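Below you will find the structure I want to go over with you.
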There are 2 protein chains.
Amino acid sequence: MEIIERKPRNREQTRSGILKTAKAIARREGWQAVSIRKIADAIEYSAPIVYEYFDSKDVLLDEIRNEGFRHLYQEYDRILTVYRDPEKRLFEISLVQWEFARQQPEIYQVMYNLDGALCSLPVHQSEAMQAVSRIVCKTIFSFIPKAEESIRRLYFQWWSVSHGMITLAMLLKNEQPIEQSEQVYRETMRRFVRDLR
Amino acid sequence: MEIIERKPRNREQTRSGILKTAKAIARREGWQAVSIRKIADAIEYSAPIVYEYFDSKDVLLDEIRNEGFRHLYQEYDRILTVYRDPEKRLFEISLVQWEFARQQPEIYQVMYNLDGALCSLPVHQSEAMQAVSRIVCKTIFSFIPKAEESIRRLYFQWWSVSHGMITLAMLLKNEQPIEQSEQVYRETMRRFVRDLR
DNA sequence: TCAGTCAATTAACACCGTTAACTGAGATTA
DNA sequence: TAATCTCAGTTAACGGTGTTAATTGACTGA
C-alpha cells in the first residue's frame with residue numbers, strides 16, 4: 001500500500017508547486033498575467049486539479065499573502081532575539097520590511113493588493129497579519145510603555161511611513177534610483193525611532 | 001449641415017459618459033468589475049463603440065487617472081491663491097489630498113493601481129502628475145529655499161507619509177474608524193510641516 | 001436609381017475562473 | 001476469472017473578458 005504514503009507527500013509537493021509557480025509568473029509578468037490555466041500548464045496538470053488544492057484563486061492568493069506575513073513575522077522574531085535595545089529593534093525591523101519588499105515585490109504586492117494583484121479576502125482578518133501587528137506593537141511598547149490606544153497609533157504611524165515610502169519607491173524607481181530612496185527611507189525610519197523616546 | 005455641429009457635441013458627451021460610467025461601476029463594484037461591455041451597456045451602445053473613443057482599456061484608465069491628477073492640481077492651485085503662509089499652504093494641501101481619497105476612492109485607486117485597478121501606462125510619465133509634483137515642490141521651496149535635490153527629498157517624504165496613511169486608513173477602515181485615522185493624519189501632517197521650519 | 005459613406009452592429013478569437021461530465025486504470029468483490 | 005467499484009485526472013462546457021474583422025443599414029450625392 002504505497003499509495004497512502006506516496007499520495008500525501010506528492011500532494012504537499014504539488015501544493016507548494018502551485019504556490020511557487022504562481023509567484024514565479026507574477027514576478028516575471030505581473031499578477032494580472034497569473035491564471036489558473038497557466039499555473040496548471042507549468043506543473044503539468046489540467047486546470048481543475050488546482051481546485052483540489054485551493055477552493056478558488058482568491059484562496060490561493062490569500063495563502064501567498066499569509067506566507068508573506070508569516071515570513072515577515074519570523075524575521076521580526078529573529079531580530080528580537082538578536083537585539084535587546086528597543087530602538088535598534090524597531091529600526092532593524094524597518095530595514096527588514098524594506099528588504100522584503102525589495103527582494104520579493106510580487107509578495108508585497110499581493111499582501112496589499114498592489115499593481116493589479118487582487119485578493120478579495122479581507123487582509124485585516126488574516127491571523128498571520130495580526131501576529132505581525134502584535135509583534136511590532138510589542139516592540140514599540142517595550143520602550144514606550146503607554147496605553148494600548150497610544151501604541152496602536154504609533155504603530156499606525158510607523159506602518160504608514162514605512163509602507164508609503166516602499167510603495168512610492170516602487171512607483172518611482174524608474175526616475176528615482178532605488179538606492180536613493182533607500183537612503184531616505186533609512187534616515188526617515190532612523191529619525192522616527194529616535195523621536196519615539 | 002447640422003452634422004458638423006451635432007456630431008462633435010454628442011461625441012464629447014459620449015466620451016465623458018464612458019468615463020463617468022466606468023467610475024460609477026468602479027465605485028459600486030470595484031475596478032475588477034469594470035468591463036468594456038458593461039460600460040457599453042450602460043451608455044446603450046455596443047462594445048466596439050468604446051474603442052472609437054479610447055484605443056484600449058488601459059488608455060481609458062489612464063484618462064481617469066489624469067483627470068484625478070488634474071483635479072488635484074486645481075485644488076492645490078486654489079489653495080495657493082487663498083493662503084499666503086507656506087506652512088498653512090502645505091497643511092491645507094495635505095488635507096485636500098485626504099479629502100480627495102476619502103470622497104473619490106475609486107479615482108485614488110486607479111491613480112496608484114490599488115485594489116485591483118491596473119493601468120499599465122507608467123504613471124511617472126503622466127504630465128498631469130508631474131504638474132502636481134511641481135506645484136507641491138514649489139510650495140515646499142517657498143519656505144525652505146534649498147537645492148532642488150533637497151526639495152525633491154522632502155517632497156518624497158511628504159508624499160510617502162500622506163500616501164501611506166491614506167492607503168492604510170482605507171485598508172483598516174473596518175477595524176479602525178476613519179475619523180480616528182483622520183485625526184492621526186492631521187496631527188502627523190501638522191507636525192511634518194512644522195518640522196520643516 | 002445607383003453607388004458611396006459611415007455609424008453602428010453582430011460575430012469571432014483567444015483568453016479567463018469555475019464546474020459538471022466523462023475517461024480509464026487499478027483495486028475489490030462475487 | 002469476470003464484474004463492479006473507486007478515484008485521479010481529463011475534456012467539455014458556461015458565461016464572462018479585451019479586442020478586431022466583417023457586416024448591416026440608413027442616408028448622401030450623382
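Only this structure's heavy atoms are used, side chains among them; waters, hydrogens and symmetry mates stay out. In what follows, chains are A, B, ... by sequence order, proteins preceding strands, each numbered from 1. Computed from a predicted structure; not experimentally measured.
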Computed from five pairs at either end and rounded to 10 degrees, the angle between the axes of the helix from C/dT1-D/dA30 to C/dA30-D/dT1 is 50°

Ring pair (Phe, Tyr, Trp, His ring centres under 6.0 Å) against A/Y185, all qualifying residues, sequence neighbours excluded
A/W98

Separation of atom CD1 in B/I25 from atom P in D/dT17, rounded to whole Å
10 Å

Are B/Y108 and B/H163 an aromatic pair, judged by ring center distance below 6.0 Å?
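Centroid distance B/H163-B/Y108: below 6.0 Å, so yes.
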
Just by distance, no angles: are the side chains of B/S94 and B/W158 close enough, under 3.5 Å, to form a donor-acceptor pair?
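There is such a pair (donor and acceptor under 3.5 Å, judged by atom type) between the side chains of B/S94 and B/W158.
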
Please determine if a side-chain N or O atom of A/Y45 lies less than 4.0 Å away from the OP1 or OP2 oxygen of D/dG9.
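For D/dG9, OP1 or OP2 has a side-chain N or O of A/Y45 closer than 4.0 Å.
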
In 5'-to-3' order, the base (B), backbone-only (S) or no-contact (-) status of each nucleotide in nucleotides 13-25 of chain C, using a 4.0 angstrom heavy-atom cut-off, is ---BBBBB-----

How many whole angstroms separate atom CD1 of A/I43 from atom P of D/dA8?
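It works out to 15 Å between those atoms.
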
Atom OH of B/Y53 and atom P of D/dT20: how far apart are they, to the nearest Å?
17 Å

Tell me: CD1 of B/I49 to C1' of D/dG18, nearest whole Å?
16 Å

Taking only residues two or more places apart in sequence or in another chain, which ones pass ring pair (Phe, Tyr, Trp, His ring centres under 6.0 Å) with B/H71?
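Ring pair (Phe, Tyr, Trp, His ring centres under 6.0 Å) list for B/H71, sorted by chain: B/F100.
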
Can you tell whether the side chains of B/E63 and B/R70 come within less than 4.0 Å, N to carboxylate O?
yes

Atom CG of A/L118 to atom P of D/dT17: distance rounded to whole Å?
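One finds 15 Å between P of D/dT17 and CG of A/L118, rounded.
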
Does NZ or CZ of B/R197 fall inside the cone over B/F143's six-membered ring, less than 6.0 Å from its centre and within 45° of the axis?
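No; the conditions do not both hold, so B/R197 does not lie above the ring face of B/F143.
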
Would you confirm whether A/K38, through its side chain, and A/A33, through its main-chain N or O, come within 3.5 Å as a donor-acceptor pair?
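Yes; judged by distance alone, with no hydrogens or angles, the pair exists.
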
I'd like to know if the side chain of A/S162 reaches the main chain of A/W159, judged simply by a donor and an acceptor atom lying under 3.5 Å from each other, with no hydrogens or angles considered.
no

Between the side chain of B/D58 and the main-chain N/O of B/S120, is any donor-acceptor distance below 3.5 Å?
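Yes; at least one donor-acceptor contact below 3.5 Å.
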
For a salt bridge (charged side-chain N to carboxylate O under 4.0 Å, His left out) check, start with the C-alpha distance between A/D62 and A/R65, then their side-chain angles and the critical distance, and finish with the verdict.
CA-CA 5 Å; A/D62 191 50; A/R65 178 153 84 181; 3.5 Å; yes

Just how far, in rounded Å, is C1' of D/dA8 from CG of A/N10?
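That distance rounds to 12 Å.
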
Tell me the interatomic distance from B/F54, atom CZ, to D/dG18, atom P, rounded to whole angstroms.
14 Å

Protein-nucleotides 22-26 of chain D N/O pairs under 3.5 Å:
none

Determine which pairs satisfy salt bridge (charged side-chain N to carboxylate O under 4.0 Å, His left out) with at least one residue from residues 139-159 of chain B, sequence neighbours left out, and list them in order.
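For residues 139-159 of chain B: A/E187-B/R153.
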
